[in-house]
Amino acid sequence: MANLETIVSLAKRRGFVFPGSDVYGGLAGTWDYGPLGTLLKENIKKEWWASMLEPHIYPLDSAIISTKKVWEASGHLEHFSDPLVECKKCKKRFRADHIDGDNCPECKGELGKAREFNMMFKTHAGAVEDESAEAYLRPETAQGIFINFKNVVDAFHPKMPFGIAQIGKAFRNEITPRNFLFRAREFEQMELEYFCDPKNADQYFSDIREMRMKWFLKLGIKEKNIKFYDNTEDERSHYSVATTDILYNYGISDDGFEELEGIANRTDYDLKNHFPGHNWTGEDFLEDKDGFVPYIIEPSLGVDRAFLAFMMDAYDEDEIGGERRVVLRLHPKLAPFKVAVFPLVKNKEEIVGKAKEVFDDLRKKFMCRWDDSGNVGKRYRRQDEIGTPWCVTIDYETLEEGTVTVRDRDTAKQERIKTEDLNSYFQEKLS
Ligand SMILES: [Zn+2]
């Protein structure tokens, strides 16, 4: 397993992730996903949707910017803050709970009293910058789902239980963004809000908890690097009666493990906040007309944290034929490119032409990469480092026998496959 610095450096060198506003010296807590990062991130989201979209789960894409009223009702305006202290000498601000002692960690100056600092990004909608125009960038995607609860119910009349799922950006003005993608100011969330009868909530909570752990393991996260952590009553948010975190071994805290995903039983807190005075007994979507306000089970995962976990878990260094290599053992479904196609030489027209033909055929179905520079060994190394599971080389034998060499990233084993069988060969590997 890699440490964070190794991953940050690989991510920049190979075009996965760049620092935000890089050419202007950067903006702390923001990151730009490069070409390979964009593909990896899309694949993570695709796998998440694939695991979520059952007939009773409804997708949503709500607005990032929303009226102040949403955040008044949700409690974020009042509660979503960190205690800050300011240094009287250098004027820098620090999280009060991150400070040891009474003096500034930078200049040893005297610190002022702790004050609450709201972490939401505030802006104004429209030309007038007065209080009535105040709007906020959402600090979580969940509220967008809650406020659309009735819209979805009215449009689809779903029966209980049902869910609404969303992937989208969220923004938090972190005082000290740190640890690469782990704590950024702009990030992306994947959240399911599962609405159910309160009397079944415990069962759904435990089912969803298991389902989420299986998702990570299926996509290749090693069991030793991931675990459940049940929050104690003191650790839970005020709206939650049960919270389990899925922790990943990022190696950035004392025991290495930090939160990757949170699963919470949010009770009826959110719906009661956004629909006060609503008559829950007469609604046609409540099958048994018991008159309950639905409970909500929420698995909430940061795309960027998942991205970092998959990168760290896949990173490996080993030796192939006496040569050291870096290899990203990403699950083939997550790998940015599935197949790289190489002509053995680039000055032999028949070989290049045949390789182009294979490339054009494969890229209709798989994300493919063309590489004709340097010797084949070097090309393998390049693809290993970005996690491409298979490399196809077109050589002289291809022209005579109609076969190509397929080389496996993890084992470095090679086999000859007929060109016309390549499609089904990779299809099978990926299914
Ligand atoms: Zn200071």
Side-chain angles (χ1 to χ4, degrees), residues 2-9 11-12 17-33 65 68 71-72 74-124 129 131 134-140 169-189 231 234-238 245 247-260 262 302 304-305 307-308 312:
N3 63 30
L4 203 58
E5 289 76 49
T6 315
I7 296 299
V8 174
S9 142
K12 182 162 187 191
V17 182
F18 308 121
S21 305
D22 201 15
V23 291
Y24 294 106
L27 173 63
T30 65
W31 300 93
D32 294 340
Y33 284 79
I65 184 168
K68 185 181 180 179
W71 309 106
E72 268 167 6
S74 71
H76 282 78
L77 269 175
E78 198 180 339
H79 299 297
F80 198 60
S81 54
D82 275 337
L84 279 198
V85 288
E86 189 176 277
C87 170
K88 288 180 177 167
K89 201 169 148 200
C90 74
K91 305 288 173 205
K92 285 212 171 101
R93 291 175 174 186
F94 306 93
R95 286 258 306 255
D97 51 341
H98 289 171
I99 295 274
D100 286 327
D102 301 325
N103 293 93
C104 171
E106 303 221 343
C107 77
K108 303 285 165 227
E110 195 193 334
L111 295 172
K113 274 214 171 81
R115 288 190 314 156
E116 291 295 311
F117 169 80
N118 196 288
M119 287 166 69
M120 285 195 293
F121 280 97
K122 185 160 113 179
T123 186
H124 293 91
E129 293 204 358
E131 211 189 322
E134 268 176 27
Y136 289 86
L137 301 192
R138 62 185 179 199
E140 61 175 33
K169 290 267 184 149
F171 303 82
R172 293 179 188 178
N173 198 1
E174 297 281 353
I175 308 313
T176 42
R178 61 194 180 281
N179 293 325
F180 192 34
L181 304 173
F182 184 79
R183 194 174 298 285
R185 288 180 171 141
E186 173 175 344
F187 56 100
E188 203 166 7
Q189 292 185 307
N231 287 215
D234 292 345
E235 290 165 330
R236 291 197 300 256
S237 301
H238 54 284
D245 291 336
L247 307 182
Y248 180 75
N249 185 11
Y250 292 101
I252 52 180
S253 57
D254 290 344
D255 75 338
F257 284 85
E258 285 283 348
E259 185 187 337
L260 168 60
D304 315 82
R305 284 190 182 187
F307 184 101
L308 185 55
M312 293 188 94

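Start at 1 and go down the list; that is how both ligands and their atoms are numbered.
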TODO: Nearest 0.5 Å please: distance from the CE atom of Met119 over to the CG atom of Asp82.
DONE: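 Met119 CE to Asp82 CG: 4.5 Å, rounded to 0.5 Å.
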
Task: Metal environment of the Zn ion (ligand 1), protein N/O/S under 2.8 Å - done: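 Protein N/O/S atoms under 2.8 Å of the Zn ion (ligand 1): Cys87 SG, Cys90 SG, Cys104 SG, Cys107 SG.
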
Task: Partner of Lys169 under side-chain hydrogen bond (donor to acceptor under 3.5 Å, both in side chains), chosen from Glu186, Glu188, Gln189 - done: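 Filter result, single survivor: Glu186.
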
Open item on the list: Taking the basic N atoms (NZ, or NE/NH1/NH2) and the acidic carboxylate oxygens, is any pair closer than 4.0 Å for Lys68 and Glu134?
Closed with: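 The answer is yes: the pair qualifies as a salt bridge.
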
- [ ] Considering only NZ, NE, NH1 and NH2 on the basic side and carboxylate oxygens on the acidic side, decide whether Glu110 and Lys89 come within less than 4.0 Å.
- [x]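 Lys89 and Glu110: not salt-bridged.
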
Open item on the list: Check for me whether the distance between the ring centres of Phe182 and Tyr250 falls short of 6.0 Å.
Closed with: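 Centroid separation for Phe182 and Tyr250: below 6.0 Å.
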
- [ ] With sequence neighbours left out, write down each residue that passes ring pair (Phe, Tyr, Trp, His ring centres under 6.0 Å) with His98, or none if nothing qualifies.
- [x] none

